[in-house]
Number of protein chains: 2
Amino acid sequence: MTTLSDTLFQSTLGSIYSGELPPGAEVNEAVLAERFGVSRGPVREAVRRLQGIGLVSREPYMRAMVVSLSPGEVRELFEMREALEGMACRLAALRMSDADLDRFAADLESARLARQDAGPHAPAPSDFDFHERIIVASGNGRIAATLCGDLYHLLRVYRRRSGAVRERSDEAHAEHWQILRALRARDGELAESLMRAHVARASRQVTQRLREMDGA
Amino acid sequence: MTTLSDTLFQSTLGSIYSGELPPGAEVNEAVLAERFGVSRGPVREAVRRLQGIGLVSREPYMRAMVVSLSPGEVRELFEMREALEGMACRLAALRMSDADLDRFAADLESARLARQDAGPHAPAPSDFDFHERIIVASGNGRIAATLCGDLYHLLRVYRRRSGAVRERSDEAHAEHWQILRALRARDGELAESLMRAHVARASRQVTQRLREMDGA
DNA sequence: TTCTGCCAAAGTGTCAACACAATGACCGTT
DNA sequence: AACGGTCATTGTGTTGACACTTTGGCAGAA
């Protein structure tokens, strides 16, 4: 069973992702209610949920707005991701089965081949799949929910904004294999370090892009 | 300005902390609404916020319940806290000013003296103060909000439940000084390791207590 | 006795209207 | 012309009623 507020939550999330509601845009309950042909009640709940995951900021009696992250806040986001995804990687090294790791390796290689065939302009779902696989395999549902939920939502908006997605795909792939080797060696310490470095590099790229955009 | 749903959120949080609403208890919108003399609307929002921070679980059309964490989920909580608080400690080592560190050391010592004077049965706010100070000093508002908000709320319920608060106060104090020394040495790496070990020890104590309680 | 299907009770989801706070324009004063 | 106060407008907070879903018990059949 899915309620109206669920639907509205998803739809509004989509509007934010697509840029239809860019950072800083006002979120008017009545407007949303009319657009979707429902009353304001479910809209309120959806907006509150968006506020809960940090995508919308709101004060009592003030208009709600799509959050507009400063470069510093983007940095904070990546620091948090670095900590959590590093820990997830360490846990995965201890908890993934050998069979899981073999399947993982096979999927990683076939994803690379598929991307190569499709050319450089195809959508690249494989990057997040790599991270998501490890996160889920960590066996820590709470970390997974945070990384794949709140943080992912926010980072997704700013990755799109900065266009910093494609660039590093070759280096990223090499780093992914390095991490995978650490997982297979059951070296949690190393796997954590590698993942943290990997995330930190992505962070540097995005923040640099944002600075350039600010300057331009 | 504070709205009704804000008030209800805080009050219900208090009811959960105090044990009046223990883990597993049903959260009935109409009952809460009548108790506080308001309509169901603000109650719904408050319950949704509690759901948002993970203190209440809810499915459409199902009664809401105060979450009842399994020992495994408590472990997950501590793993996440270890990762985040470790990172916060590393950042604090890089970002705290010398003056901050001096004040911090003085406060830590005076808190110990106060606790010694008050005897072993006085409330011990100093433990969390230590952690909170470092977390805030990390300069990462997002990590701070997570640790001092969501995670703290949940851990607080289970620390109370397990009664594992007082026990380690002497060891904990020694570990706190060790961490402080690392901060003053500006050794982020070491500070992070020490904090992670410190949290991990607390985790082991709480999970062991919970197991004992389960057995008894 | 046990199982199945139905029914009433309880509880949540949704709605439309009303109450209150904030914003911005208008007007009189200095 | 610039400043400060007043008021309509806009939008959020709150309410009570109605619609829908779930739940638990009851009656009847196997």
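When reading the values below, keep in mind they use all heavy atoms of this one structure, side chains included, and skip hydrogens, waters and symmetry mates. Remember, it's a predicted structure, so these values are computed and weren't measured experimentally. So you know, we letter chains A, B, ... as the sequences are listed, proteins then strands, and number each from 1.
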Set of residues satisfying salt bridge (Lys or Arg N to Asp or Glu O under 4.0 Å) with respect to Glu76(A), sequence neighbours excluded: none
Residues forming a salt bridge (Lys or Arg N to Asp or Glu O under 4.0 Å) with Arg49(A), sequence neighbours excluded: Asp6(A)
Where at least one partner belongs to residues 100-111 of chain A, residue pairs that pass salt bridge (Lys or Arg N to Asp or Glu O under 4.0 Å), sequence neighbours excluded: Asp100(A)-Arg103(A), Asp102(A)-Arg184(A), Asp107(A)-Arg133(A), Glu109(A)-Arg112(A)
B/S/- contact track for nucleotides 10-19 of chain C, protein heavy atom under 4.0 Å: -SBBBB----
Those residues that, when tested against Glu26(B), pass side chain to side chain donor-acceptor pair (under 3.5 Å) (two or more places apart): Arg63(B)
By side chain to side chain donor-acceptor pair (under 3.5 Å) - contacts of Glu34(A) (at least two apart): none
